[in-house]
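I have placed the structure first, in the form of structure tokens, so that the comments after it can refer back to it.
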Amino acid sequence: MSTRYVVTFTLIMTFISAFILAGLFYATAPMAKKGEEVFNKRAILAAVGDYLPNPLSEMSDEEVLSLFEKNIEQVSLDMDGEKLTDITAVKIDLAQERKKPEADRQLPFFKYKGDGKTFYIMSMRGKGLWDDIWGNIAVESDLNTIAGASFDHKGETPGLGAEIKDSPKFSYNFIGKTLYDSNGNYDPVKVAKGAAKPNTNSVDGISGATITGDGVGDMVWVWLKFYEPYLNKLKSETKMGMK
Amino acid sequence: MADTATATPQVKEPLFGKKERKLITDPLNDNNPITVQVLGICSALAVTTQVYPSVVMSIAVVFVCAFSNLTTSLVRNHIPKQIRMIVQLVIIATLVTIVELVLKAFSYPVYKQLSVFIGLIITNCIIMGRLEAFALANKPWRSFLDGIGNGLGYGAILILVAVIREITGKGAIGGFAIFPQSFYDAGYFNNNLMVLPASALLVIGVLIWIQRSMYPKLVDVS
């Protein structure tokens with residue numbers, strides 16, 4: 001077969017393949033985008049999963065979107081705890097923020113109101129064993145006690161590191177833990193190696209997934225610290241309000 | 001399906017003749033891609049910790065294997081043999097990307113869970129192996145069936161291994177716990193070793209052993 005035939009064949013084949021894939025990509029893009037949006041909003045709501053009107057797994061995509069729209073107030077922050085007006089919190093991509101120098105990062109912050117209770121949800125992203133891990137932690141209105149948490153990951157080992165997402169027990173253990181110790185010093189919840197000692201501010205680690213557990217611990221420490229300026233502002237605001 | 005096949009008048013090559021049926025049933029046991037040809041081991045080790053990802057992976061492989069076989073067979077007389085392998089790779093990669101895009105659009109959570117593994121179908125030796133060994137020399141319909149058969153043979157082992165590993169490693173099937181809490185209170189432990197990739201090799205090894213002692217003709221006497 002001549003070189004000419006080979007080249008022509010390659011060109012035609014590449015063209016057909018590219019055409020099919022590009023067409024399919026554009027045809028499915030809106031659905032993929034909606035899927036991603038619902039997926040992300042579910043993850044945020046999962047942090048307050050115990051307080052939602054219905055269990056999250058039983059809610060349809062539309063219900064999730066409308067609940068989010070109705071009950072969540074979004075705040076975008078810079079690293080000094082100042083509100084940003086040019087971007088909505090759900091649009092902030094922490095994967096991109098992690099690449100920036102710390103001082104330039106933007107933080108998404110969510111206020112959930114429902115049933116007369118208010119929760120504040122903070123997002124975070126760090127590194128597990130293989131790849132990125134991320135999560136959302138909700139605190140009660142005292143801005144200290146954790147009301148719920150949800151975690152996810154890109155490529156942790158199924159059955160081991162992936163348990164941070166798959167095992168409801170892991171995130172459930174965060175409930176009731178705190179961001180500050182009894183003296184008000186920053187000392188957020190830690191992930192223990194193996195079982196956590198009772199009455200300490202730490203949760204059970206996952207056996208066989210120490211590095212992922214450490215990753216979660218580090219991520220929680222680093223990112224909750226980022227929110228500290230804003231949390232302090234909220235605290236002084238509520239104090240002023242009480243007087 | 002057998003009814004419709006017998007109802008249509010017999011043409012030269014029946015849709016589901018004896019040979020065609022054999023194309024599907026052969027890879028399930030006698031010529032299983034994993035346990036007999038020992039191909040596609042890499043993904044069999046990676047995804048089989050839980051049943052659900054294994055099922056999705058199996059469906060994806062059946063699809064890619066069947067349609068890459070079909071496509072290759074359709075153009076088999078036009079493929080320049082100097083770039084044969086590259087052409088096959090393009091066909092496989094295109095189909096895998098289609099699977100990925102469709103999954104992303106229709107089931108985003110599953111896509112999130114499996115995205116790494118789906119991409120790895122491209123490197124699954126079974127698919128390339130069937131293109132080389134079968135599709136390049138056979139007509140489209142038979143190649144298509146051969147693809148389905150091999151995909152199913154791969155999927156059957158994948159799901160079997162996943163069931164064994166999820167029961168022993170996590171005490172569950174498809175995410176549902178099967179052992180009551182009293183078992184654990186009585187001192188039963190999930191075997192964490194079973195969720196590690198090495199144990200998949202062990203399970204597959206034992207399956208090969210069982211299969212060969214049941215079917216002595218599979219034993220390599222050379």
Side-chain angles (χ1 to χ4, degrees), chain A residues 1-43 57 61 130-131 134 152-163 165-169 194 206-209, chain B residues 46-54 71 75 78-84 86-117 162 165-166 168-170 172 175 177 189-197 199-200:
Chain A
M1 286 185 193
S2 69
T3 314
R4 199 196 177 105
Y5 179 80
V6 175
V7 171
T8 323
F9 185 91
T10 315
L11 281 176
I12 294 174
M13 177 187 68
T14 319
F15 181 79
I16 294 175
S17 162
F19 189 77
I20 293 173
L21 291 182
L24 192 67
F25 179 81
Y26 277 103
T28 58
M31 288 170 76
K33 208 177 150 202
K34 193 189 162 208
E36 191 178 354
E37 188 189 350
V38 172
F39 186 81
N40 291 337
K41 290 187 171 174
R42 269 183 201 272
S57 54
D61 290 358
W130 303 115
D131 216 316
W134 56 93
D152 202 348
H153 59 92
K154 196 168 176 188
E156 299 305 297
T157 321
L160 295 172
E163 291 293 283
K165 177 191 177 213
D166 298 336
S167 158
K169 234 164 96 187
I206 295 151
S207 48
Chain B
V47 300
T48 52
T49 44
Q50 282 157 290
V51 175
Y52 184 60
S54 308
T71 320
V75 295
H78 306 285
I79 299 176
K81 59 176 180 298
Q82 301 97 312
I83 56 163
R84 188 182 81 234
I86 300 167
V87 173
Q88 292 166 4
L89 260 184
V90 170
I91 292 171
I92 298 170
T94 307
L95 285 163
V96 169
T97 315
I98 290 175
V99 170
E100 209 164 350
L101 286 172
V102 168
L103 212 54
K104 193 175 176 183
F106 291 97
S107 183
Y108 195 80
V110 178
Y111 161 76
K112 272 285 192 188
Q113 195 183 5
L114 277 179
S115 54
V116 189
F117 299 133
R165 289 180 70 193
E166 200 176 340
T168 51
K170 302 188 77 184
F189 276 102
N190 286 332
N191 188 347
N192 277 330
L193 187 66
M194 292 305 286
V195 294
L196 296 175
S199 72

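This one's a predicted model, so the numbers in the text were calculated from it and none came from an experiment. A, B, ... follow the sequence lines: proteins, then strands. Residue 1 opens every chain.
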*Part of D131(A) lying under 4.5 Å from any heavy atom of chain B*: neither

*Can you tell which part of I83(B) gets under 4.5 Å to a heavy atom of chain A, answering side chain, backbone, both or neither?*
side chain

*With respect to S17(A), which candidate in V90(B), L95(B), I91(B), T97(B) satisfies the side-chain contact (heavy atoms from CB on, under 4.5 Å) definition?*
V90(B)

*Side chain from CB out, backbone as N, CA, C, O: work out which of these in L196(B) comes under 4.5 Å of a heavy atom of chain A, or both, or neither.*
side chain

*Tell me, for V87(B) versus chain A, whether the close heavy atoms (under 4.5 Å) come from the side chain, the backbone, both or neither.*
both

*Around atom OH of Y52(B), are there more than 12 heavy atoms of other residues, nucleotides or ligands at under 6.0 Å?*
no

*Report the distance from atom CD1 of I86(B) to atom OG1 of T14(A), rounding to the nearest 0.5 Å.*
10.0 Å

*asked:* Distance check, rounded to the nearest 0.5 Å: T49(B) atom OG1 versus L160(A) atom CG?
replied: 8.5 Å

_Toward chain A, the part of K104(B) with a non-hydrogen atom under 4.5 Å_ = both

*List in chain and number order the residues that pass salt bridge (charged side-chain N to carboxylate O under 4.0 Å, His left out) with E37(A), two or more places apart in sequence or in another chain; answer none if no residue qualifies.*
K41(A)

*Is there side-chain contact between Q50(B) and D166(A), with heavy atoms separated by less than 4.5 Å?*
yes

*Measure from the side-chain N and O atoms of Y5(A) to the backbone N and O of H78(B), and report whether any donor-acceptor pair falls under 3.5 Å.*
yes

_Using 0.5 Å steps for rounding, measure from the OH atom of Y108(B) to the CG atom of N40(A)._
6.5 Å

*For residues F25(A) and L101(B), determine if any side-chain heavy atom of one lies less than 4.5 Å from a side-chain heavy atom of the other.*
yes

*Name the region of L21(A), side chain, backbone, both or neither, that has any atom closer than 4.5 Å to a heavy atom of chain B.*
both

